[in-house]
Number of protein chains: 2
Amino acid sequence: MGAQEDEETLAEAFWAVSRRLRHRSHESISPLGITPAQARAIGVLRRHGSMRISTLSEHLRIAPRSGTEVVDALQERALVQRSPDPDDRRAVLVTLSPQGEEVAEAVRRARAAEADLFFDRLDEADRTELARIISLLRRP
Amino acid sequence: MGAQEDEETLAEAFWAVSRRLRHRSHESISPLGITPAQARAIGVLRRHGSMRISTLSEHLRIAPRSGTEVVDALQERALVQRSPDPDDRRAVLVTLSPQGEEVAEAVRRARAAEADLFFDRLDEADRTELARIISLLRRP
DNA sequence: AAAGATAGTGAGGTTACCTCACTATGAGGC
DNA sequence: GCCTCATAGTGAGGTAACCTCACTATCTTT
């Protein structure tokens with residue numbers, strides 16, 4: 001098996017596994033009544049705190065206009081609040097509401113539980129090795 | 001660092017890497033003028049040959065109705081042809097056109113080249129190890 | 001003050017799915 | 001052969017998750 005075939009197979013396998021992880025991750029948050037994109041957004045807010053929509057969009061690597069939309073949806077569910085940025089009147093700050101904090105924590109827990117199940121078939125050594133290799137791939 | 005934290009970090013890292021791979025994969029086929037979903041479909045047809053729309057949908061793990069749509073789009077681009085299934089008059093067979101064969105091959109090559117670049121930062125040993133671990137995760 | 005850049009959002013668009021319903025056809029049982 | 005149930009594909013309609021362009025208000029730099 002040549003190097004090129006290895007990599008082609010590796011990419012495809014990686015792709016298949018990541019699609020399964022994504023699907024299971026989506027299912028794990030579905031009972032919480034929010035969508036995957038919304039879950040991503042509140043995850044960012046939970047980890048980094050209140051921020052501008054533009055900053056949130058950068059974190060999420062989506063267009064600012066799309067950031068507006070995900071915040072719209074979260075606000076509609078009373079999971080976030082918008083407030084004027086005191087430093088710049090053009091800008092808006094997005095903050096998790098108390099309910100949003102709870103949902104964000106529930107998302108984190110559901111995701112963690114799902115990851116447990118997903119990676120459970122690997123022993124500790126393989127898990128460590130995978131984490132090491134993945135971190136190599138993660139760097140820009 | 002506890003086991004739970006390991007896995008949480010691992011899942012997130014895995015997620016981030018797979019999103020990057022997906023994005024780059026999409027970009028690699030963009031010049032070919034087809035969308036990611038269409039590329040997936042012709043990939044299945046290239047690998048497995050002519051098949052019913054229902055079978056294609058199963059391969060793609062999408063609803064049959066969605067299978068109809070992706071075939072519609074491919075047919076519109078003259079990349080596939082529909083023909084009656086001689087074994088069952090309810091059914092339709094989808095076949096790659098000659099042009100579709102060319103595009104399918106171009107997709108394969110573009111994907112392979114992108115995977116080369118993506119995994120290039122790993123040495124041969126790491127690549128082999130990753131393939132081994134991924135194959136463990138791949139099994140249902 | 002003027003020019004250029006920035007933040008958010010309205011308007012409109014594409015992609016990639018989904019469910020439900022319907023028609024035509026096939027399979028199995030009587 | 002007839003009836004019932006299942007199946008294959010697709011019309012109709014819907015949601016989610018992005019995108020670009022354009023616009024107003026505000027900020028920064030010259």
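Proteins come first, then strands; the chains are lettered A, B, ... in the order of their sequence lines, and each starts at number 1. All of these numbers come straight from a predicted model, not from anything done at the bench.
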Looking at residues at least two apart in the chain, or sitting in another chain, which of them share a ring-ring contact (aromatic ring centres under 6.0 Å, His included) with H48(A)? H59(A)
Rounded distance in Å - CD (E76(A)) to P (dT15(D)): 12 Å
Of the listed nucleotides (dC17(C), dC18(D), dC18(C)), which one gets closest to any side-chain atom of R40(B)? dC17(C)
Could you run down nucleotides 6-14 of chain C 5' to 3' and tag each one B, S or - for protein heavy-atom contact under 4.0 Å? BSSBBBB--
Measure CG/L56(B) against P/dC17(C) and give the value in whole Å, please. 11 Å
The residue, D87(A) or A63(A), whose nearest nucleotide of DNA chain D is more 5′ is A63(A)
Between the main-chain N or O of I53(B) and the side-chain N or O of S57(B), is there a donor-acceptor pair closer than 3.5 Å? yes
Taken to the nearest whole Å, CG/L74(A) to P/dA16(D) is 12 Å
Residues 96-105 of chain A side chain polar contacts: donor-acceptor under 3.5 Å, at least two apart:
| from | atom 1 | to | atom 2 | distance (Å) |
| --- | --- | --- | --- | --- |
| S97(A) | OG | A78(A) | O | 2.7 |
| S97(A) | OG | L79(A) | O | 3.2 |
| S97(A) | OG | Q99(A) | N | 3.4 |
| S97(A) | OG | G100(A) | N | 2.9 |
| E105(A) | OE1 | R108(A) | NE | 3.4 |
| E105(A) | OE2 | R108(A) | NE | 3.4 |
| E105(A) | OE2 | R108(A) | NH2 | 3.0 |

Which residue pairs satisfy the salt bridge (Lys or Arg N to Asp or Glu O under 4.0 Å) criterion with at least one member in residues 87-96 of chain A, sequence neighbours excluded? R52(A)-D88(A), D88(A)-R90(A)
Examine dT28(D): is either OP1 or OP2 under 4.0 Å from a nitrogen or oxygen in the side chain of R89(A)? Give yes or no. no
Salt bridge (Lys or Arg N to Asp or Glu O under 4.0 Å) with D126(B): which residues, sequence neighbours excluded? R132(A)
Here the residues of residues 23-37 of chain A within 4.0 Å heavy-atom distance, strictly under, of DNA chain C are none
Can you pull the salt bridge (Lys or Arg N to Asp or Glu O under 4.0 Å) pairs that have at least one residue in residues 63-75 of chain A, sequence neighbours excluded? R65(A)-E69(A), D72(A)-R82(A)
Mind checking what makes side-chain hydrogen bond (donor to acceptor under 3.5 Å, both in side chains) contact with S135(A), not counting sequence neighbours? none
Taking side-chain contact (heavy atoms from CB on, under 4.5 Å) as the definition, give me every residue that meets it alongside A110(A), ordered by chain and number, with sequence neighbours left out. S28(A)
